[in-house]
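Input: a single structure, listed below in structure tokens.
Just so we're clear, the structure is a prediction, and the values are computed from it rather than from any experiment.
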Amino acid sequence: MAKDPVRVLVTGAAGQIGYALVPMVARGVMLGPDQPVILHLLDIPPAAEALNGVKMELVDAAFPLLKGVVATTDVVEACTGVNVAVMVGGFPRKEGMERKDVMSKNVSIYKSQASALEKHAAANVKVLVVANPANTNALILKEFAPSIPEKNITCLTRLDHNRALGQISERLNVQVSDVKNVIIWGNHSSTQYPDVNHATVKTPSGEKPVRALIADDAWLQGEFITTVQQRGAAIIKARKLSSALSAASSACDHIRDWVLGTPEGTWVSMGVYSDGSYNVPAGLIYSFPVTCRNGEWTIVQGLSVDEFSRKKLDLTAEELTEEKALAYSCLQD
């Protein structure tokens with residue numbers, strides 16, 4: 001029997017990531033090859049013409065799963081009835097801007113979008129924040145949409161997770177699909193901690209620990225971490241534009257696993273509302289290893305955290321606590 005279409009909101013839909021993301025959603029990459037979708041595309045009024053061009057291209061591509069497109073600059077129209085919301089729109093940091101200036105712009109954007117989602121989205125809407133600072137934008141959204149369950153508000157660290165998988169696969173010259181269970185802890189920023197202590201690689205003789213196969217702790221605790229942390233900057237340097245197709249693809253991975261579930265024995269990284277697990281302060285949106293079943297994520301418990309890792313977990317938590325305080329001070333201003 002044909003499934004009912006799922007309404008998927010993409011904000012900032014005329015931008016680079018949006019342009020890469022909407023065809024993936026329309027092709028079934030995000031929700032599966034048998035799930036029809038209706039796309040809701042939101043952008044700011046100066047981008048209205050470009051947004052209409054994206055809508056024209058979606059029509060021209062004749063995607064069989066795409067059952068409709070709502071392209072609008074009106075936040076209420078965009079949010080009405082949506083089941084999944086991918087928040088790509090935000091205010092990017094420009095040269096010479098202080099962090100507080102960027103934060104205050106994003107606080108006002110996420111405050112207004114939170115109230116529109118709360119009032120007009122479907123009851124069990126799943127929200128993924130991509131725009132930076134993603135963790136703190138997600139926290140602001142949670143604050144201003146109190147009736148959306150906190151477990152339904154997440155941020156994207158799957159891009160960092162996938163970057164870590166990619167670095168391991170290149171280093172060991174193995175298929176990326178054979179590497180699993182890396183972890184991104186903390187903030188989607190350069191303080192994030194890519195952790196391979198529990199990661200494994202599928203080999204002809206069974207699963208082997210990444211750390212043993214690489215056999216180079218200096219690389220794993222040095223260059224590997226900084227490469228993943230600073231990969232976004234490296235792409236900007238190479239393309240003169242920020243990463244878009246990898247961000248869009250990772251957003252699809254995040255939602256797909258959340259909705260359809262993670263494979264048995266595999267976890268992924270998601271920025272979720274901390275409950276105090278691993279001694280991370282509660283009340284932050286922090287990236288943890290999670291498994292997903294029946295549309296719900298669960299933090300993987302009981303993983304050992306060595307002294308090196310503990311320091312890294314605490315450092316990124318400190319940054320998130322500072323960001324939270326900065327965001328709340330913008331609300332007071």
- Query: Do Leu320 and Val280 pass the side-chain contact (heavy atoms from CB on, under 4.5 Å) test, and can you show the C-alpha distance, the side-chain angles, and the key distance before you say yes or no?
  - Reply: CA-CA 10 Å; Leu320 280 168; Val280 170; over 6 Å; no

- Task: Using atom types as modelled and distance alone, determine if a side-chain donor or acceptor of Gln35 lies under 3.5 Å from a backbone N or O of Asp4.
- Result: yes

- Item | Under 3.5 Å side-chain donor-acceptor pair for Glu323 and Asn135 | no

- Task: Please answer whether the main-chain N or O of Ser177 pairs with a side-chain N or O of Lys180 as donor and acceptor at a distance below 3.5 Å.
- Result: no

- Message: With salt bridge (charged side-chain N to carboxylate O under 4.0 Å, His left out) as the criterion, how do Arg310 and Asp314 come out once you've worked through the C-alpha distance, each side chain's angles and the decisive distance to 0.1 Å?
- Response: CA-CA 6 Å; Arg310 182 72 259 164; Asp314 292 345; 2.9 Å; yes

- Task: Check whether any side-chain N or O of Ser287 sits under 3.5 Å from a backbone N or O of Ile184 as a donor-acceptor pair, and report yes or no.
- Result: yes

- Message: With no hydrogens and no angle check, just 3.5 Å: does a side-chain donor-acceptor pair link Ser246 and Asn162?
- Response: no

- Side chains of Lys111 and Leu331: closer than 4.5 Å at any heavy-atom pair? yes

- Does one side chain, of Ser189 or Glu319, offer a donor that lies under 3.5 Å from an acceptor on the other? yes

- Yes or no on side-chain contact (heavy atoms from CB on, under 4.5 Å) for Thr73 and Asp43, after CA distance, side-chain angles and deciding distance? CA-CA 5 Å; Thr73 58; Asp43 218 311; 5.6 Å; no

- Item | Candidates Thr136, Thr316, Asn137, Asp160 - the one meeting side chain to side chain donor-acceptor pair (under 3.5 Å) with His188 | Asp160

Considering only distance and modelled atom types, tabulate donor-acceptor pairs under 3.5 Å from the side chains of residues 289-301, sequence neighbours left out.
from: Trp297; atom 1: NE1; to: Lys151; atom 2: O; distance (Å): 2.7
from: Gln301; atom 1: NE2; to: Ser277; atom 2: OG; distance (Å): 2.9

- Task: Answer yes if the side chains of Lys208 and Ser205 hold a donor-acceptor pair under 3.5 Å, and no otherwise.
- Result: yes

- Task: Say whether, by atom type as modelled, one donor and one acceptor occur between the side chain of Asn83 and the main chain of Val6 under 3.5 angstrom.
- Result: no

- Query: Can you name the salt bridge (Lys or Arg N to Asp or Glu O under 4.0 Å) partners of Lys3, sequence neighbours left out?
  - Reply: Asp34

- Query: Do any N or O atoms from the side chain of Asn106 and from the backbone of Asp101 form a donor-acceptor pair under 3.5 angstrom?
  - Reply: no

- Query: How about Ser243 and Arg163: do any of their side-chain heavy atoms sit closer than 4.5 Å?
  - Reply: yes

- Message: What I want to check is whether the side chains of Asn152 and Asn124 have a donor and an acceptor closer together than 3.5 Å.
- Response: yes

- Message: Any non-hydrogen side-chain atom of Arg27 less than 4.5 Å from a side-chain atom of Leu65?
- Response: no

- Query: If only atom types and distance count, is the side chain of Ser249 paired as donor or acceptor with the main-chain N or O of Leu245 below 3.5 Å?
  - Reply: no

- Message: Count I, L, V, M, F, W, Y as connected when their side-chain heavy atoms are under 4.5 Å apart, and connections chain through other members. Are Leu141 and Val86 then in the same cluster?
- Response: no

- Would you please test Tyr278 and Trp185 for ring pair (Phe, Tyr, Trp, His ring centres under 6.0 Å) and show each step? CA-CA 10 Å; Tyr278 294 99; Trp185 298 97; 5.0 Å; yes

- Message: Measuring only between side-chain heavy atoms, which start at C-beta, is Phe144 closer than 4.5 Å to Ser112?
- Response: no

- Task: May I ask you to decide if Ser147's main-chain N or O and Glu118's side chain share a donor-acceptor pair within less than 3.5 Å?
- Result: yes

- Val84 and Val88: same hydrophobic cluster, using ILVMFWY side-chain contacts below 4.5 Å? yes

- Item | Asp257 backbone acceptor or donor facing Thr262 side chain under 3.5 Å | no

- Message: I'd like to know whether CZ of Arg211 has more than 12 heavy-atom contacts from other residues, nucleotides or ligands below 6.0 angstrom.
- Response: yes

- Item | Note, Tyr110 side chain near Val129 side chain (heavy atom, < 4.5 Å) | yes

- Message: Regarding Glu77 and Thr72, do their side chains bring together a donor and an acceptor under 3.5 Å, going by distance alone?
- Response: yes

- Message: Tell me whether the rings of Phe224 and Trp219 are parallel (<30°), tilted (30 to 60°) or perpendicular (>60°).
- Response: tilted

- Query: Less than 4.5 Å apart, any side-chain heavy atom of Leu284 and any of Thr321?
  - Reply: yes

- Determine whether Val37 and Met24 fall in the same hydrophobic cluster, where Ile, Leu, Val, Met, Phe, Trp and Tyr are linked whenever their side-chain heavy atoms lie under 4.5 Å apart. no

- Among side-chain atoms of Ser250 and Asp253, is any donor-acceptor pair under 3.5 angstrom? no

- Query: Taking side chain as C-beta onward, heavy atoms only, is Val75 less than 4.5 Å from Gln113?
  - Reply: yes

- Query: Are Lys312 and Asp195 close enough for a salt bridge, meaning some N to O gap below 4.0 Å?
  - Reply: no

- Look at the side-chain heavy atoms of Ile, Leu, Val, Met, Phe, Trp and Tyr, link any pair under 4.5 Å apart, and say whether Val127 and Leu159 land in one connected group. no

- Item | Exercise: do Lys100 and Ser329 side chains pair donor with acceptor under 3.5 Å | yes

- Taking atom types as modelled and ignoring hydrogens, do the side chains of Glu57 and Tyr19 form a donor-acceptor contact shorter than 3.5 angstrom? yes

- With a cut-off of 6.0 Å (strictly less than), are more than 12 heavy atoms of other residues, nucleotides or ligands near NZ of Lys240? yes

- Would a distance-only check, ignoring hydrogens and angles, find a side-chain to backbone donor-acceptor pair under 3.5 Å from His40 to Ala78? yes

- Message: Is any side-chain heavy atom of Ser309 closer than 4.5 Å to one of Asn197?
- Response: yes

- Query: Parallel, tilted or perpendicular for Phe288 and Tyr286, by the 30°/60° rule?
  - Reply: tilted

- Task: State yes or no: do Ile140 and Met87 share one hydrophobic cluster built from I, L, V, M, F, W and Y residues joined by side-chain heavy-atom distances below 4.5 Å, directly or via other members?
- Result: yes

- Query: So, does Asn181 use its side chain to make a donor-acceptor pair with the main chain of His198 at under 3.5 Å?
  - Reply: no

